[in-house]
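Owing to the predicted nature of the structure, the values given are computational and were not obtained by experimental measurement.
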Amino acid sequence: MNAICRATRLLALLALAVTFGCDDKSTGGSSSPATGPTAASSRPAGGVLRFSAIPDQNSTELKEKFDALASHMSQKLGVKVQYVPATDYKASVEMFKNGDIQLAWFGGLTSVQARQAVPGARAIAQGDTDPRFVSYFVANKDAPIQPSASFPMDLNKLSFTFGPASSTSGRLMPEYYIRKNTGKSPAEFFGREPSFSEGHDKTLELVEAGKVQAGVVNFEGYDKRVADAKTDPKVVRVIWKTPQFADYNFTAHPDLDKQFGAGFIDKLQAALVAVDDPKLLSAFPRKKLIPAKNEDYAQIEQVAKELGFLR
């Protein structure tokens, strides 16, 4: 009788082992609906929208202003938005390329570089003045040069600095117009390799202090500093302005629609264009934002290829 009982118990234990073994194989080791593949795929997309901006102005001021914009956009979009400072222009493109940020306020050149690196990226918003942007060639009041309606050929007699090396208005387009008007590269025209500043603010400070006699800056930055009494137009004079070109824009990473759901980039574009608070717009600085598309920067792309800024 004891042998029969032991055999019965052994058969029962074997049946239980087979049952649990089959369940483990069929469910991938877990039968919990909260962690299974069906539950995971049904969870809504989410996370943090990280954005950056080229550091063309004072970095501390930029962070304060873009942090405020991030807070505003978080409320409008219903997702957490975070501003991530970039150390320089190239770093902003690399962060976008690597997916560390999903949105960036680029210059024209950095935007086409970013979109070339990330297929499907879209320019979605620009400032109201960006389709008709210009650069100012400026000189210290004591420099032996006068304002001119045509390109100032005597510029080559002065010490000169471009803005950041990857700046559209501080380097790319000014170099293009130097080559177009003189038939020479900047190194040939000035008789030395060109120098570069850390930003448009820095260029103006260098010229005003007389550390360099002349430089080139974006007109928005110059006009804003003059209006804020940070730059004296009698000391830093505009000697020539370039023809118009398209410049700054917000470029969106295509992963945004995957992360937050289809149509999110369009929603983001609408939210940016709707910003009307002057304090928020001062980060750019622009009076308003308008829609943008990749085709708006065809000229910048062409010039960048001609000058070797795009591979």
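Between Pro85 and Met95, the closest heavy-atom pair is O-CE, 4.0 Å. Of all heavy-atom pairs spanning Arg192 and Phe160, the tightest one is NH2-N, 3.8 Å. The two atoms that bring Gly170 and Pro174 nearest to each other are C-CG, 4.0 Å, heavy atoms only. The minimum heavy-atom distance between Ala271 and Leu77, with the atom names listed, is CB-CD2, 4.0 Å. Smallest separation of non-hydrogen atoms from Thr203 and Ser197: OG1-OG, 2.6 Å. Here the shortest heavy-atom pairing between Arg237 and Lys141 reads NE-CA, 3.7 Å.
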TODO: Show your working on side-chain contact (heavy atoms from CB on, under 4.5 Å) between Tyr248 and Phe106 and close with a plain yes or no.
DONE: CA-CA 6 Å; Tyr248 293 74; Phe106 286 127; over 6 Å; no

Open item on the list: Walk me through whether Asn249 and Asp130 qualify under side-chain contact (heavy atoms from CB on, under 4.5 Å).
Closed with: CA-CA 8 Å; Asn249 63 88; Asp130 285 303; over 6 Å; no

Task: From CA spacing to verdict: side-chain contact (heavy atoms from CB on, under 4.5 Å), Lys180, Thr242 - done: CA-CA 11 Å; Lys180 183 177 180 180; Thr242 67; over 6 Å; no

Task: Test side-chain contact (heavy atoms from CB on, under 4.5 Å) applied to Val303 and Phe245, step by step - done: CA-CA 11 Å; Val303 171; Phe245 54 88; over 6 Å; no

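At a threshold of 4.5 Å between non-hydrogen side-chain atoms, the residues Asp277 and His72 do not count as touching. Here the side chains of Arg179 and Pro186 are in contact, with some heavy-atom distance below 4.5 Å. Leu49 is listed as a side-chain neighbour of Phe264, based on a closest heavy-atom distance under 4.5 Å. With a 4.5 Å cut-off on side-chain heavy atoms, Arg286 and Thr129 count as touching. With a 4.5 Å cut-off on side-chain heavy atoms, Glu220 and Phe133 count as touching. At least one side-chain heavy atom of Phe284 sits under 4.5 Å from a side-chain heavy atom of Phe66. Under the 4.5 Å side-chain criterion, counting only non-hydrogen atoms from C-beta, Arg50 is in contact with Gln102. Looking only at side-chain heavy atoms (C-beta outward), Val238 and Pro147 stay at 4.5 Å or farther from each other.
A donor-acceptor contact shorter than 3.5 Å is absent between the side chain of Ser74 and the backbone of Lys80. Using modelled atom types, one side-chain atom of Ser159 and one backbone atom of Gln213 make a donor-acceptor pair closer than 3.5 Å. The backbone N or O of Asp100 lies less than 3.5 Å from no partner atom in the side chain of Asn98, so there is not a single donor-acceptor pair. Here the side chain of Gln126 pairs a donor or acceptor atom with the backbone of Pro291 at under 3.5 angstrom. Although no hydrogens or angles enter the test, the distance criterion places no donor-acceptor pair under 3.5 Å between the side chain of Asp255 and the main chain of Lys258. Judged by distance alone, with hydrogens and angles left aside, the side-chain atoms of Ser169 form no donor-acceptor pair with the main-chain N or O of Ser135 at under 3.5 Å. With hydrogens and angles disregarded, a donor-acceptor distance shorter than 3.5 Å links the side chain of Asp296 to the backbone of Lys293.
Taking hydrophobic clusters as Ile, Leu, Val, Met, Phe, Trp and Tyr residues chained together by side-chain heavy-atom distances below 4.5 Å, Val273 does not share a cluster with Ile124. Transitive grouping of hydrophobic side chains (ILVMFWY, heavy atoms separated by less than 4.5 Å) keeps Leu280 and Ile290 in distinct clusters. Put simply, Val216 and Val134 are part of the same group of oily side chains (I, L, V, M, F, W, Y) that touch within less than 4.5 Å, one to the next.
With respect to Glu61 and Lys230, a salt bridge is recorded, a charged nitrogen being found less than 4.0 Å from a carboxylate O.
A distance of 11.5 Å separates CD in Gln302 from CG in Leu310, rounded to the nearest 0.5 Å. Here CD1 of Ile265 is found 5.0 Å from CG of Leu256. Values are rounded to the nearest 0.5 Å. Atoms CZ and OG1, from Phe309 and Thr168 in turn, are 9.5 Å apart once rounded to the nearest 0.5 Å. Taking OH of Tyr83 as the reference point, atom CG of Leu103 lies at 11.5 Å (rounded to 0.5 Å). In this structure, the separation between OG on Ser92 and CD on Gln113 is 8.5 Å, given to the nearest 0.5 Å. In this structure, CG in Leu268 is found 5.0 Å from CE in Met73, a value given to the nearest 0.5 Å.
Annotation for Glu198: atom CD does not count as buried by contact number, only 12 or fewer foreign heavy atoms lying within 6.0 Å. Under a cut-off of 6.0 angstrom, the local environment of NZ in Lys202 is sparse, with at most 12 non-hydrogen atoms contributed by other residues, nucleotides or ligands.
Using a 3.5 Å distance cut-off with no hydrogens or angles, the side chains of Tyr176 and Gln299 do not pair a donor with an acceptor.
The aromatic rings of Phe162 and Phe190 sit perpendicular to each other, their planes meeting at more than 60°, with 30° as the lower class boundary. Between Phe151 and Trp240, the ring-plane angle classifies as perpendicular under the 30° and 60° cut-offs.
Taking the six-membered ring for Trp, Tyr222 and His200 have ring centres at least 6.0 Å apart.
Residue Asn140 is tested with Ile145, Val207, Val212, Leu158 for a side-chain contact (heavy atoms from CB on, under 4.5 Å); the sole match is Val207.
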